[in-house]
**Q** 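I have a structure here, written as structure tokens, and I will follow up with some questions on it.
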Amino acid sequence: MILSLPSTVNAQNFNPKNEELLNDIAFISSVEKFENHIQWNSLVRKLERKAGTDAEYFLEYLFYKTHQKLLKEYNKGTTFINLLESGSYDCVSASITYSVLLKYFDIEHSIIETDYHVFIIAKVNNQEFILETTDPRNGFVYNAEEVKEFKADFLPDVNSSQLNQNEAIGNLVYGQANSKTIYKEISLRQLSALQFFNQGLIAIENNDYRLASRRLQQALNLYDSERINMLFKIVAP
């Protein structure tokens, strides 16, 4: 099923009252793409009808209903625009989707960046919930012990020889599944920058260093992070 961007005639406009969210959306995509997107607005209307229910139930409902309605197929290196157009997603574009919705419904949450993955920690009634956005079946983690174990899988190894070393951060093997050097909360705008960072990595894999340089520069414009900087210095002409 292909998502589309139809005319405003058929859409009930997505209209967040949160000015910060509106500003974030302008960086991520465009307000118009949200306003005119049938599936997005249909999802928001469904969620709004459940918003007055138990907070924990609503968070779980939001997680699974969003996957059902918007997230169709996992593909590495996709962008939020790809997600809106076709339902193709990865951890970054999916996390953007969830963060926008959580902000829209005023649900406290953190976006966590690690070496090779991004996920969301939502907080309801002083309890943490993991939103593992790439797992449509079991991605909503609510058990306190399982939440703790999930986070522990990504926490940096304090004994790692790579920890906080710029040389490692710029190295092309950095960020593989066996490295644990990054675990930090980032903003929605910084998360959007990781779309370009990932595209830069893919361009490097394809030996297209000119494209990689452009994508990494785009990432730096939004998120002046250490590892993006170091990688950009390697591939920039």
Side-chain angles (χ1 to χ4, degrees), residues 18 20-21 24 28 43-44 46-48 50-72 74 76 78 80 83 89-160 162-164 174-195 197-198 223 225 227:
N18 185 323
E20 178 186 344
L21 177 54
D24 284 339
I28 298 164
L43 171 64
V44 170
K46 286 180 181 294
L47 295 176
E48 285 176 336
K50 297 285 187 178
T53 58
D54 175 80
E56 294 179 19
Y57 165 78
F58 176 69
L59 181 61
E60 184 174 9
Y61 180 84
L62 181 151
F63 177 82
Y64 287 111
K65 188 58 67 173
T66 299
H67 244 290
Q68 178 188 345
K69 292 295 184 181
L70 293 181
L71 281 60
K72 303 301 179 181
Y74 178 87
K76 181 181 177 182
T78 58
F80 182 69
L83 189 152
Y89 70 93
D90 63 7
C91 67
V92 173
S93 56
S95 294
I96 289 173
T97 301
Y98 280 101
S99 183
V100 169
L101 289 170
L102 292 171
K103 279 195 171 190
Y104 181 82
F105 288 101
D106 295 320
I107 297 174
E108 182 181 354
H109 66 285
S110 303
I111 304 164
I112 305 299
E113 176 190 6
T114 72
D115 294 58
Y116 59 95
H117 191 50
V118 176
F119 62 91
I120 289 177
I121 302 175
K123 194 170 185 180
V124 171
N125 297 331
N126 293 318
Q127 180 180 346
E128 289 186 338
F129 299 83
I130 299 294
L131 274 61
E132 170 45 87
T133 64
T134 61
D135 186 348
R137 294 182 180 272
N138 303 299
F140 183 76
V141 183
Y142 58 89
N143 178 274
E145 189 60 33
E146 291 179 0
V147 168
K148 183 178 179 180
E149 291 174 0
F150 185 97
K151 292 164 65 175
D153 283 342
F154 293 94
L155 290 173
D157 178 1
V158 295
N159 297 316
S160 170
Q162 290 185 328
L163 192 62
N164 295 324
Y174 181 83
Q176 297 303 309
N178 61 349
S179 65
K180 294 184 180 181
T181 60
I182 294 176
Y183 185 98
K184 64 178 177 178
E185 181 177 349
I186 59 174
S187 70
L188 185 51
R189 295 187 193 187
Q190 291 170 328
L191 175 61
S192 69
L194 295 183
Q195 298 177 106
F197 176 69
N198 286 343
Y223 182 16
S225 85
R227 67 166 163 176

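The basis for the numbers below is simple: all heavy atoms, side chains too, and nothing from hydrogens, waters or symmetry mates. What you are looking at is a predicted structure, and each value in this text was computed from that prediction instead of being measured.
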**Q** Hey, what do you get for CG (Leu191) to CZ (Phe80), rounding to the nearest 0.5 Å?
**A**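 Those atoms lie 10.5 Å apart.
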**Q** State, yes or no, whether a side-chain contact exists between Leu43 and Lys65 at a heavy-atom distance under 4.5 Å.
**A**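 Yes, close enough: below the 4.5 Å cut-off.
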**Q** Please round to the nearest 0.5 Å and tell me the distance separating atom CG of Asp153 and atom OH of Tyr183.
**A**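 If we round to the nearest 0.5 Å, Asp153:CG and Tyr183:OH are 10.5 Å apart.
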**Q** Take Ile107 and Phe58, measure what side chain to side chain contact (heavy atoms under 4.5 Å, CB included) needs, and give me the verdict at the end.
**A** CA-CA 10 Å; Ile107 297 174; Phe58 176 69; 3.8 Å; yes
**Q** So, do Lys50 and Phe105 sit near enough that their side-chain heavy atoms are less than 4.5 Å apart?
**A**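 No, too far: nothing below the 4.5 Å cut-off.
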**Q** Does some side-chain heavy atom of Asp135 sit less than 4.5 Å from a side-chain heavy atom of Phe119?
**A**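 Phe119 vs Asp135: side chains apart.
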**Q** For the residue pair Arg227 and Thr181, establish whether any side-chain heavy-atom pair is separated by less than 4.5 Å.
**A**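 Not in contact.
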**Q** For the backbone of Val44 and the side chain of Lys69, can you confirm whether one donor and one acceptor N or O come within less than 3.5 Å of each other?
**A**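 Between the backbone of Val44 and the side chain of Lys69 there is no qualifying donor-acceptor contact (under 3.5 Å).
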**Q** Could you list the residues that satisfy ring pair (Phe, Tyr, Trp, His ring centres under 6.0 Å) with His67, not counting sequence neighbours?
**A**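 Once residues adjacent in sequence are excluded, the partners of His67 under the ring pair (Phe, Tyr, Trp, His ring centres under 6.0 Å) criterion are Phe63, Tyr89.
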**Q** With heavy-atom distances below 4.5 Å as the criterion, would you say the side chains of Glu56 and Tyr142 are in contact?
**A**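 Counting from C-beta outward, Glu56 and Tyr142 never come under 4.5 Å.
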**Q** Any heavy-atom pair between the side chains of Glu113 and Tyr223 that's under 4.5 Å?
**A**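 Yes, at least one pair of side-chain atoms sits under 4.5 Å.
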**Q** Looking at residues at least two apart in the chain, or sitting in another chain, which of them share a side chain to side chain contact (heavy atoms under 4.5 Å, CB included) with Ala144?
**A**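 Here no residue qualifies.
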**Q** Side chains of Ile130 and Ile121: closer than 4.5 Å at any heavy-atom pair?
**A**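 Of all side-chain heavy-atom pairs linking Ile121 with Ile130, at least one is under 4.5 Å.
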**Q** Rounded to the nearest 0.5 Å, what's the gap from CG on Leu21 to NZ on Lys103? Could you check?
**A**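 Interatomic distance, Leu21 CG to Lys103 NZ, rounded to 0.5 Å: 6.5 Å.
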